[in-house]
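Remember, predicted model here, so these are calculated numbers, not experimental data.
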Protein chains: 2
Amino acid sequence: MDTGPKIAQVAALVGDPARANMLSALMDGRTLTASELAYVSGVAPQTASGHLAKLSDAGLLALEKQGRRRYFRLASPLVARMLEGLMVVAQEGPARQRNLWRGGETLRHARTCYDHMAGRIAVAIADRLVQQSFILLDEDGGQLTDAGRSFFDELGVDLRLASKRRVFCRPCLDWSERRPHLAGAVGAAILRHALDHDWVEHIRDSRALVVTPVGVRGLATTFGIEGAPPTDGRRAGCITVPRLGSGYPG
Amino acid sequence: MDTGPKIAQVAALVGDPARANMLSALMDGRTLTASELAYVSGVAPQTASGHLAKLSDAGLLALEKQGRRRYFRLASPLVARMLEGLMVVAQEGPARQRNLWRGGETLRHARTCYDHMAGRIAVAIADRLVQQSFILLDEDGGQLTDAGRSFFDELGVDLRLASKRRVFCRPCLDWSERRPHLAGAVGAAILRHALDHDWVEHIRDSRALVVTPVGVRGLATTFGIEGAPPTDGRRAGCITVPRLGSGYPG
DNA sequence: GAAATACTACGGTCTTGGCCGAAGTGTTTG
DNA sequence: CAAACACTTCGGCCAAGACCGTAGTATTTC
């Protein structure tokens, strides 16, 4: 039962700040180029190249070549899940200036997690679906009830898009709420539906989502969520995530 | 709000082979001493000491001092979950570790704690003895009543074996149940009685105990405990959400 | 073809941190 | 009390690896 060394290898890979930054940036399922990842991780391209090679060799990242660029993304939802687990523990530390967070509030409210939603809103949705017996969740799996199936049918959410290979429905522990939200094909479908109907919008290039006025109504009628947008007056939380889009040197 | 560095810190902690071995050994919920952890991790005690300090400081391990020993255990189920996530990625396949976790269930049911019993069964025994006024317990001590003395006499438990020097009867906080079970000479006598009468058996070289069919009857008639064998707390389709915040003593 | 772009390979520097021997603290035993 | 035991602290050794400058290899653009 010598699992120790194996998990040490993986953990050591994530244990470098530069690599951890890269993985964090990829958490929402985006694909980024080597240059972009070098920038977000704060190291020179040569250094980043080495890191990316290691991460790819270890099977944490998937690589796609296109012309002179290399696009990287997380190799599988399992990797995202692993990172979520680390985040949960990492957040637990001594209660420092937790409020020092800027824009953290927005992230806590709603964000993407790989390909589904996370944050208060997502947890509330999961709660509602469970409470209504549309979904049955246990520690690491879940399933749709018949009632749930028709609920999503009426909503116009097509769950048949789900590939057979991927997990259909599972809980994903939310690092900000410490309670599960929905991942898997069902979670992805809900996010797609929310984006398609303009319930939520991406903020710039971050993982944060804002709930639109339309979304407030939609969430209320569909899921019974009273969730107003994070703040009223000023812009719902200025995300302080370093700009990815325009900040590249050169 | 950059989560990268934080998860890097945690991951780097797990990223050392010696520390990873320690954490793996604790995955099943056991409590191990510094020496034992030094052994399983394959490093000298001095080195292990440093590792354990780091893991404790980071909040991954919980520490309990007893005498000249230090007992370590995973600080929370969230840590176990994180390790599980790493294992999944590390070994490219379905987590077989499920079995270990099941073993944790066995530990929670009945195990030895030094020289006495711990776990659900032990807590139930203590409850019963207190409820029957056979034993009076307070915060850090306890005493046998006359009724209790004759109860043990009839049972054939010889309490006079107790060395003079050792504590006769005291409560010991059960880490899995978070309620006290019996330690001291009385606790030791109960365990000896249970082993002598084949009520329980040691599992392999672990501290886990299984309750035999004989034991089920014995516990029922003697202590009025309905305790079926390790009830194997299988699914029961329950939501585990509420358990996230609790389950382990802080 | 030449230049710019995106990325990779190599080599040398330098910090980090794991490791253990020796010595020290606190606890139990006899 | 002394000895055994469990663990920690200190100090020096050493290797792993993160980093970047330089110099490459593809690919696209002009």
(request) May I ask you to test the B:V10-B:M82 pair for a side-chain heavy-atom distance under 4.5 Å? (result) yes
(request) Starting at atom CG of A:L32, determine the distance to atom P of C:dA6, rounded to an integer number of angstrom. (result) 15 Å
(message) I need the B:M22 CE to B:L13 CG distance, nearest 0.5 Å.
(response) 11.0 Å
(message) When you measure from the side chain of B:S49 to the backbone of B:P45, do you find a donor-acceptor pair of N or O atoms at a distance under 3.5 Å?
(response) no
(message) Could you check whether any side-chain heavy atom of B:Q132 comes within less than 4.5 Å of a side-chain heavy atom of B:F223, counting everything from C-beta outward?
(response) no
(message) Are A:T33 and A:Y39 packed together at the side-chain level, in the sense that at least one heavy-atom pair is separated by less than 4.5 angstrom?
(response) no
Pairwise N/O distances under 3.5 Å, protein to nucleotides 8-10 of chain C:
unit_1: C:dT8; atom_1: OP2; unit_2: A:S49; atom_2: OG; d: 2.7
unit_1: C:dT8; atom_1: O5'; unit_2: A:S49; atom_2: OG; d: 3.3

(request) Could you state the atom-to-atom distance from CD of B:E36 to C1' of D:dC5 in whole Å? (result) 14 Å
(request) Report the distance from atom CG of A:L55 to atom C1' of C:dC7, rounded to the nearest whole Å. (result) 16 Å
(request) Would you please name every residue forming a salt bridge (Lys or Arg N to Asp or Glu O under 4.0 Å) with A:R111, sequence neighbours left out? (result) A:D174
Listed pairs, N/O of protein and of nucleotides 12-18 of chain D, under 3.5 Å:
unit_1: D:dA18; atom_1: OP1; unit_2: A:R19; atom_2: NH2; d: 3.4
unit_1: D:dA18; atom_1: OP2; unit_2: A:R19; atom_2: NH1; d: 3.2
unit_1: D:dA18; atom_1: OP2; unit_2: A:K54; atom_2: NZ; d: 2.7

(message) For a 4.5 angstrom cut-off between non-hydrogen side-chain atoms, does A:C113 reach A:H181?
(response) yes
(request) Report the residues that fulfil side chain to side chain donor-acceptor pair (under 3.5 Å) with A:E84, sequence neighbours left out, ordered by chain and then residue number. (result) none
(message) Return the CG to NE2 distance between B:L155 and B:H197, rounded to the nearest 0.5 Å.
(response) 7.0 Å
(message) Rounded to whole Å, please give me the gap between CZ in B:R69 and C1' in C:dT29.
(response) 13 Å
(request) Taking the side chain as every heavy atom from C-beta outward, state whether B:H109 and B:I121 have any atom pair closer than 4.5 Å. (result) yes
N/O donor to acceptor pairs below 3.5 angstrom from side-chain atoms of residues 53-79 of chain A, sequence neighbours left out:
unit_1: A:S56; atom_1: OG; unit_2: A:L52; atom_2: O; d: 2.9
unit_1: A:S76; atom_1: OG; unit_2: A:L78; atom_2: N; d: 3.0

(request) Rounded to the nearest angstrom, tell me the gap between atom CE in A:M22 and atom C1' in D:dC19. (result) 12 Å
(request) Mark up nucleotides 25-30 of chain D, 5' to 3', with B wherever a protein heavy atom is under 4.0 angstrom from a base atom, S wherever such an atom reaches only the sugar-phosphate, and - elsewhere. (result) --BB--
